[in-house]
Participant: 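One structure coming up, written as structure tokens, with questions to follow.
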Amino acid sequence: MGDTETRQSLRAGRGIVTVLAVLPLVLAGFVVGYGVGTGDRPGVDVDEAWQDGEGVFDHAPLAASFTATQVSGSAPQSPSVLPVGFSADLGIAVTHLQFAVDESTVRPDHTAELRLPVAVPPDSEGMTVEVASVHPVACLCSLTAATAPPYGTVWDAVEIDKGATEVVLDVTGAINAPGRYGFAVTTPDRNAYLEFEGAEYGSGPNLRTISAVPPATPVPPTVPVPLPDPTSVPADPSLPPDPTDTPGTASPDAPTSADPSASPSPTPSVDPSADPALPAADPTTPPGPPLQPESGQVEDQLSVCATRDKLIPTCGALVGVAPAAHTSRQKEQALLDFESRVGQTQQIYHAYERGSNRLFPTPEQIALTEDPQHPRTLFINWKPQMAEWGAIAAGDPETDEYLDKLAEHLKANFQKPFFFTVHHEPENDVDPAAGSNMEASDYAAMFRYVVERLRGAGVDNLVTVMNYMGYLKWVEKPWHEDLYPGADVVDWIGLSGYGQSLHDDGHSDFGEIVDQTKGKSAWPGFYHWVAREHPDKPMMLAEWGVFHEEQYPEHQKAVFQAARYQMAHYPRLKAIVYFESPDAEGRNSEVHQHEDTLEAFQELMRSPYFDVQLEYEMNLE
């Protein structure tokens, strides 16, 4: 950190922060264990402790530090600045923050903001900053770029101008129980950098919570209401009332309600494990001791990454493969061979089905999901060929007959949740001519029709993926936005992206696949586009691959090595599915052609980002 401190002094910028996307994730109340009357605890009644309070608290961080991919040591204890983004000396920097909350500072009905004063703003306009939950580490001594906890839910993203003085991120949905919370502040911008103020001066980051408080304390019913004095002189109605005339009436100068703009109340007592170098919290907290988290809440919910509803990991990302693509090899055996080769179970088996030739999943596909030692799910990619998109959406009889048979097959043979898409990468099949039945809007209607017909027939285990093509010539088409079927029938946003050896070896990276832009056009890159247009959807690389070319023998290795650390840029990316083929239109994406390339892929698979337990849970309501 010394290089950064000497390179740039603390200075404040000028300007505003503009909101890019805020997830609508405000919880109505806290989980069991965070409300009134949920257990035997010492201390005063919570409502009593909160009556007449302001409801606004600024929580000082228990820990405020950062990781950097070019710094091998542990996170510094109390850095003067908190970097985010890419710089030549640090590599990719991520700010990590931890806070503690309890019932003395946050009530169930609340909002929460992460407030970060800017020390060194970005040197260009429009830098995107995101915040995600992470498991809080017990000691900063264990926090490095290589061991940093995988990202959980992304709560908010903002776009920052180069004159910004403060960044405010909405983390309301993250605070759902008393205990310790960890956050990672990141950017998907590969060539942008900023610094937030550290905590050493006492004016650095804080977690501001604004709680709805009970009404003002009423006059106790045992206190008699004084009778009017018959000898008193009636008040002049033209004069304002004297507040001292009526017992129990507050002074007009006294605060009577919660005002978010008012000066915040004192911060709560700091956890004894807090960084001793950070400023101590003000001890004048509301009455009652802080409450400790219940078993299984908060600090443990991100200690193990596992899939939950709609197969979304609580943290980290799933890995998968489409094995032996474009070959006649038996695909299920090819999957097992690939797993043995790379040393990692592929939790997603991507299989391609066409038309009405057979029902899916097949017995062989189902068998791959029944191995308790190697948990897997399916990604079925179905391309209907019985009719054009518009005709299918209008109720094509042949397609309907197949869908009804498919529904009965699924209900009878496969109840586990699985990924499902309809006619992936539709862009190059669009015919924009009016009435063609293959317009972009026809695709959206067809996708919706298929999903709704299956769900209407009782198939409740579809996890739907809208799988876009990665070729950027399509994103500028006027019909591109018309392809989206709708949030209610799309669970994940998928992208097919490939490394094309567009650069000299040693200069290729994973970010070109995830978030490639198009020259000077307005296209922000697929990752940025998902964050902006579909912020509540997890993102998947539904297909990704790196093609080997003799002209650039180190290209595959360079991309795999870059992916290992560039995952730090992309907290929304929750699954990557490799497309392995010896002949994808004349190109080879196999990872084992050279020993050092295979070793780079094996090392990628060992990344803590992919340490996720596949567990089945389904709730589509």
Side-chain angles (χ1 to χ4, degrees), residues 307 310-313 316-326 331 335 338 346-354 360-361 365 368 376-384 417-429 443-444 447 450-451 462-472 474-475 480 483-485 487 489-500 510-516 525-531 533-534 537-547 559 563 567 570 572-581 584-585 589 591 604-605 609-610 612 614:
T307 55
K310 300 180 183 178
L311 295 174
I312 301 172
L318 299 168
V319 293
V321 67
H326 297 299
K331 300 299 189 291
L335 169 70
F338 183 85
Q346 301 298 294
Q347 298 146 318
I348 302 174
Y349 168 39
H350 194 165
Y352 298 80
E353 302 289 339
R354 290 175 176 267
F360 56 80
Q365 292 167 348
L368 288 174
R376 305 181 189 93
T377 187
L378 304 175
F379 181 8
I380 301 295
N381 194 322
W382 180 57
K383 191 171 187 177
F418 68 99
F419 294 108
F420 175 71
T421 193
V422 188
H423 197 137
H424 79 304
E425 303 176 9
E427 290 94 322
N428 62 341
D429 290 312
Y443 172 80
F447 187 108
V450 170
V451 172
L462 301 177
V463 179
T464 56
V465 182
M466 175 61 202
N467 191 170
Y468 288 94
M469 182 177 286
Y471 295 131
L472 296 189
W474 304 115
V475 300
H480 186 261
L483 289 168
Y484 190 62
V489 292
V490 172
D491 298 322
W492 288 60
I493 304 292
L495 164 70
S496 298
Y498 291 88
Q500 303 285 351
F510 182 68
E512 294 172 358
I513 296 173
V514 178
D515 201 37
Q516 187 176 0
F526 264 102
Y527 184 93
H528 279 77
W529 180 76
V530 171
E533 301 296 331
H534 307 288
K537 302 296 182 184
M539 183 178 173
M540 170 192 294
L541 279 181
E543 288 182 9
W544 79 285
V546 186
F547 299 121
V559 176
M567 285 294 293
Y570 307 118
R572 297 177 190 273
L573 190 57
K574 298 301 183 184
I576 63 172
V577 183
Y578 197 80
F579 186 86
E580 188 215 27
S581 174
E585 299 177 356
S589 65
V591 302
L604 172 62
M605 291 293 98
Y609 284 106
F610 307 123
V612 178
L614 179 65

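Quick note: numbers below take in every heavy atom, side chains included, and nothing from hydrogens, waters or symmetry partners.
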Participant: So, taking the atom named CD1 in I380 and the one named OH in Y349, what distance separates them when rounded to the nearest 0.5 Å?
Facilitator: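 Atom-to-atom, I380:CD1 and Y349:OH are 7.5 Å apart.
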Participant: Using ring pair (Phe, Tyr, Trp, His ring centres under 6.0 Å) as the criterion, list what pairs up with Y484, not counting sequence neighbours.
Facilitator: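 Ring pair (Phe, Tyr, Trp, His ring centres under 6.0 Å) list for Y484, sorted by chain: H534.
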Participant: Can you check whether V514 reaches M539 side chain to side chain, under 4.5 Å on heavy atoms?
Facilitator: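 Yes, side chains in contact.
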Participant: With sequence neighbours excluded, what pairs up with H480 under the ring pair (Phe, Tyr, Trp, His ring centres under 6.0 Å) test?
Facilitator: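 H480: ring pair (Phe, Tyr, Trp, His ring centres under 6.0 Å) contacts with Y468, W523, W529.
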Participant: Going by the rule salt bridge (charged side-chain N to carboxylate O under 4.0 Å, His left out), which residues pair with E580 if we only count those two or more places apart in sequence or in a different chain?
Facilitator: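 Partners of E580 under the salt bridge (charged side-chain N to carboxylate O under 4.0 Å, His left out) test: R341.
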Participant: Can you list the steps and then say if L495 with I513 is a side-chain contact (heavy atoms from CB on, under 4.5 Å)?
Facilitator: CA-CA 9 Å; L495 164 70; I513 296 173; 5.7 Å; no
Participant: Please report whether the ring centroid of W544 lies less than 6.0 Å from that of F579.
Facilitator: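 Between F579 and W544, the centre distance exceeds or equals 6.0 Å.
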Participant: Taking C-beta and beyond as the side chain, do F510 and L541 meet within less than 4.5 Å on heavy atoms?
Facilitator: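 Heavy-atom side-chain distance check passes, below 4.5 Å.
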Participant: Go through the structure and list residues passing salt bridge (charged side-chain N to carboxylate O under 4.0 Å, His left out) with E353, not counting sequence neighbours.
Facilitator: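 Counting only residues at least two positions away or on another chain, E353 forms a salt bridge (charged side-chain N to carboxylate O under 4.0 Å, His left out) with R358.
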Participant: For residues P384 and V450, determine if any side-chain heavy atom of one lies less than 4.5 Å from a side-chain heavy atom of the other.
Facilitator: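 Side-chain contact under 4.5 Å: no.
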Participant: Check side-chain contact (heavy atoms from CB on, under 4.5 Å) between A324 and all other residues, then give those that pass, not counting sequence neighbours.
Facilitator: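 Listed in chain order: T327, R329, K331, A334.
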Participant: Please determine whether side-chain contact (heavy atoms from CB on, under 4.5 Å) holds for the pair K383 and H423, giving the CA-CA distance in whole Å, both sets of side-chain angles, and the decisive distance to 0.1 Å.
Facilitator: CA-CA 4 Å; K383 191 171 187 177; H423 197 137; 3.3 Å; yes
Participant: Could you tell me if the side chain of I493 sits less than 4.5 Å from the side chain of F526, heavy atoms only?
Facilitator: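 Sidechains of I493 and F526: no contact.
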Participant: Applying ring pair (Phe, Tyr, Trp, His ring centres under 6.0 Å), can you list everything that pairs with F447, at least two apart in sequence or on another chain?
Facilitator: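 So F447 forms no ring pair (Phe, Tyr, Trp, His ring centres under 6.0 Å) with any residue.
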Participant: With heavy-atom distances below 4.5 Å as the criterion, would you say the side chains of V319 and V612 are in contact?
Facilitator: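 The answer is no, as the side chains (C-beta and beyond) never meet within the 4.5 Å cut-off.
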Participant: For the pair T377 and Q347, evaluate side-chain contact (heavy atoms from CB on, under 4.5 Å) and give the outcome as yes or no after the intermediate values.
Facilitator: CA-CA 6 Å; T377 187; Q347 298 146 318; 5.7 Å; no
Participant: Minimum heavy-atom separation for A322 and V577, please, with both atom names.
Facilitator: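 Shortest heavy-atom contact: N-CG1, 4.2 Å.
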Participant: Dump the intermediate steps for side-chain contact (heavy atoms from CB on, under 4.5 Å) on Y471 and N428, then the final yes or no.
Facilitator: CA-CA 9 Å; Y471 295 131; N428 62 341; over 6 Å; no
Participant: Over all heavy atoms of both residues, which pair between A575 and A317 is shortest? Give the atoms and the distance, please.
Facilitator: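 Answer, listing the atom of A575 first, then A317: N-CB, 3.9 Å.
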Participant: If you measure from CD1 on I312 to CE on M540, what distance do you get to the nearest 0.5 Å?
Facilitator: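 If I round to the nearest 0.5 Å, the distance is 10.0 Å.
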Participant: For D491 versus L462, what's the shortest heavy-atom pair and its separation?
Facilitator: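 Minimum heavy-atom contact is OD2-O, 3.7 Å.
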Participant: Taking all non-hydrogen atoms of both residues, which atom of Q516 and which atom of L472 are closest, and how far apart?
Facilitator: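 Taking every non-hydrogen atom into account, O-CD1, 3.4 Å.
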Participant: How long is the gap from CG on L604 to CE on M567, to the nearest 0.5 Å?
Facilitator: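 Reported value, rounded in 0.5 Å steps: 8.0 Å.
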Participant: My understanding is that only one of Y352, F420, W492, F419 makes a side chain to side chain contact (heavy atoms under 4.5 Å, CB included) with F379; could you say which?
Facilitator: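 Of Y352, F420, W492, F419, side chain to side chain contact (heavy atoms under 4.5 Å, CB included) with F379 is met by F419 alone.
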Participant: How many angstroms lie between atom CG of D515 and atom OH of Y527, to the nearest 0.5 angstrom?
Facilitator: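 These two atoms lie 8.5 Å from each other.
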Participant: Could you check if a side-chain atom of K574 sits within less than 4.5 angstrom of a side-chain atom of L318, using non-hydrogen atoms only?
Facilitator: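 A side-chain contact under 4.5 Å is absent here.
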Participant: Would you name the heavy atoms of A487 and K537 that are closest together and state the gap between them?
Facilitator: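 In terms of heavy atoms, the two residues are closest at O-NZ, 2.9 Å.
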Participant: Side chains of N381 and T421: do they bring a donor and an acceptor to under 3.5 Å?
Facilitator: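 There is no such pair between these side chains.
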Participant: Could you tell me whether the side chain of S589 and the main chain of S581 form a donor-acceptor pair under 3.5 Å?
Facilitator: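 Yes, because the side chain of S589 sits within donor-acceptor range (under 3.5 Å) of the backbone of S581.
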Participant: Any idea which heavy atoms bring E427 and M469 closest together, and the distance?
Facilitator: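 Shortest heavy-atom separation between E427 and M469 comes out as OE2-N, 2.8 Å.
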